[in-house]
Protein chains: 2
Amino acid sequence: MSNIIDTEKLDEKSTKALTNKVIVKPRGRPLAFNQEDALESALQVFWSRGYEGASMAELADALGVNKPSIYATFGNKEALFRKVLAQYLAGPVAYAAEAMNEPTAYKVVEKFLTCSAALLSNPDNPRGCMIVQGALTCGQGSTMIQQELIGYRKNYENVLSQRFELAKTQGDLPAHVNAKSLAKYIATIHQGLSVQATGGASKDELMTVIDMALKNWPTT
Amino acid sequence: MSNIIDTEKLDEKSTKALTNKVIVKPRGRPLAFNQEDALESALQVFWSRGYEGASMAELADALGVNKPSIYATFGNKEALFRKVLAQYLAGPVAYAAEAMNEPTAYKVVEKFLTCSAALLSNPDNPRGCMIVQGALTCGQGSTMIQQELIGYRKNYENVLSQRFELAKTQGDLPAHVNAKSLAKYIATIHQGLSVQATGGASKDELMTVIDMALKNWPTT
DNA sequence: TGATTTATTTACCATTTGGTACAAAATTAT
DNA sequence: ATAATTTTGTACCAAATGGTAAATAAATCA
């Protein structure tokens, strides 16, 4: 009997050690809010208002929680924004990374821009892309976040560029094409679409712009 | 003698009435700062920081003047921003209105985008276009300005559209072209270029994007 | 010279900002 | 039951926000 119990305890311990998932109930007062739901709510606020436009008071209100709980859980405003950003990339704009797996460069771009148009014009979402508009301009205290977002934009431009280089080796993109320039062109379109969405452009309107932008796709 | 003096006085009065320009020295203590220079300085601050990112303290500092003088002269922050906006339109981006006078739709767009690239990449200027980025996202207290800038963007899109309609009647743009869509496409490119400029894109890079965007200009 | 007019300066206002100290509440471990 | 641990709620902080009252300075008018 005691042997069985001991074995079970060992099992639980080793499981915990292996998976690194704590099954043991935490010691103190339990958290009153779901962390993922909170990030989702915070996303809505940061997405619609931008980094500086979102105040901690409004965030706390949206999460249905008091400020000290936010600080205890996420650190400070910058840290919360970064976690929200990760949530944003893993959720609403996960299609961006997935699009790179399309078989040809053209299909990559088509999927990337089409999904962007859908996201940007979805009335359930705040208007505009958070990576593009989260902190384009800002006060002296937010230049850090501003630069980080510039880095994110540079990054997806680079990812596109590398995908185009691959396409050149695979033959679905002409060898003479400048991958970096094509990537910057696509990024420019995407960023313009974001501004258009903020102005209330519909999905049809965004799609029409995309069609025009892709009419000059390099073929020969 | 007295007659001559009277005549002069009358002359002065009527001149003032006609031209509505007061030659008479103002009565109280003279202004300690030049109003146009002040607007120029304020433009630099609003241009680089956006509407919300620019604080009255920073503005006062840039103008080399105390806050009460700003309020006495321009009203409040919103009013100052609007005057700065007018200055911006009449100065740095005056080319936008001028571009509409180009003889063909293509040349209109070419001039508009080329001048935009020059302005956006000029190291003497803050990065990005103020109409595009002045208040893309903002806190609850600035939605008025945000909407006004959306209006400005809609407006230049409309101006482009009307110019394209004219071009269709003049024959330098095919009749089947959708002027509104083409205008939205050009506006999207311009807005994307603005974001790119904020990320540090060079004039050459912007021009390359423009070249790609205009490769599919409707010809037949 | 004064009286009047206007602008500047200083000092302040209420509100909001991001952030926190601290005590009370809610849970587990003993 | 009680100790230990953790989170919550209240109440607060200094600094910054947009904006202003009031005294003072500099000019014109009589």
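Here is how names work: the chains are called A, B, and so on, in the same order as the sequence lines, proteins then strands, and each is numbered from 1. In this text, all values refer to a predicted model and were calculated from it rather than measured experimentally.
For B/G75 and A/G64, each mapped to the nucleotide of DNA chain D holding its nearest heavy atom, the one lying further toward the 5' end belongs to A/G64. Both B/F33 and B/Q140 sit near DNA chain C, but only B/F33 has its closest nucleotide nearer the 5' end.
Rounded to whole Å, atom P of D/dG9 lies 15 Å from atom CE of A/M56. The distance from atom CZ of B/F74 to atom P of D/dG18 is 16 Å, rounded to the nearest whole Å. Whole-Å rounding puts the A/L80 CG to C/dG18 P distance at 11 Å. Following rounding to the nearest Å, A/Y71 (OH) and D/dT8 (P) show an atom-to-atom distance of 15 Å. Separating the NZ atom of B/K67 from the P atom of C/dC13 is a distance of 13 Å, rounded to the nearest angstrom. Atom CG in A/N66 sits about 14 Å away from atom C1' in C/dA23, given to the nearest Å. Whole-Å rounding puts the A/K77 NZ to D/dA16 C1' distance at 13 Å. Here D/dG18 presents its P atom at 12 Å from CZ of B/R49, a figure rounded to the nearest Å.
Of the side-chain N and O atoms in B/S55, one or more sit less than 4.0 angstrom from OP1 or OP2 of D/dT17. Here A/S69 does not reach the OP1 or OP2 of D/dT7: none of its side-chain N or O atoms lies under 4.0 Å away.
A/A32 comes within contact range of the sugar-phosphate backbone alone, with a heavy-atom separation under 4.0 Å but no base atom that close. Using a 4.0 Å heavy-atom criterion, one finds that A/A60 contacts no nucleic acid atom at all.
The nucleotide whose nearest atom lies closest to any side-chain atom of A/P30 is, among D/dT20, C/dA26, C/dA21, C/dA26. If you check D/dT5, C/dT9, D/dT8 against the side chain of A/R29, the one that comes closest is D/dT8. Relative to the side chain of A/L31, the nucleotides D/dC29, D/dT7, C/dA7 differ in distance, and D/dT7 lies closest. Distances from the side chain of A/R27 to the nucleotides C/dT20, D/dG18, D/dA4 place D/dA4 closest.
Note: B/H190 and B/F112 have tilted aromatic rings, judged against thresholds of 30 and 60 degrees for the angle between ring planes.
The existence of a salt bridge linking A/R153 and A/E157 is excluded, since no basic side-chain nitrogen approaches an acidic carboxylate oxygen closer than 4.0 Å.
Under the 3.5 Å distance criterion, the side-chain polar atoms of B/K184 are left unmatched by any main-chain donor or acceptor of B/A179.
By the 6.0 Å contact criterion, NZ on A/K111 is enclosed, its count of non-hydrogen atoms from other residues, nucleotides or ligands being greater than 12.
Under the ring pair (Phe, Tyr, Trp, His ring centres under 6.0 Å) criterion, A/F81 pairs with A/F46, A/Y51, not counting sequence neighbours.
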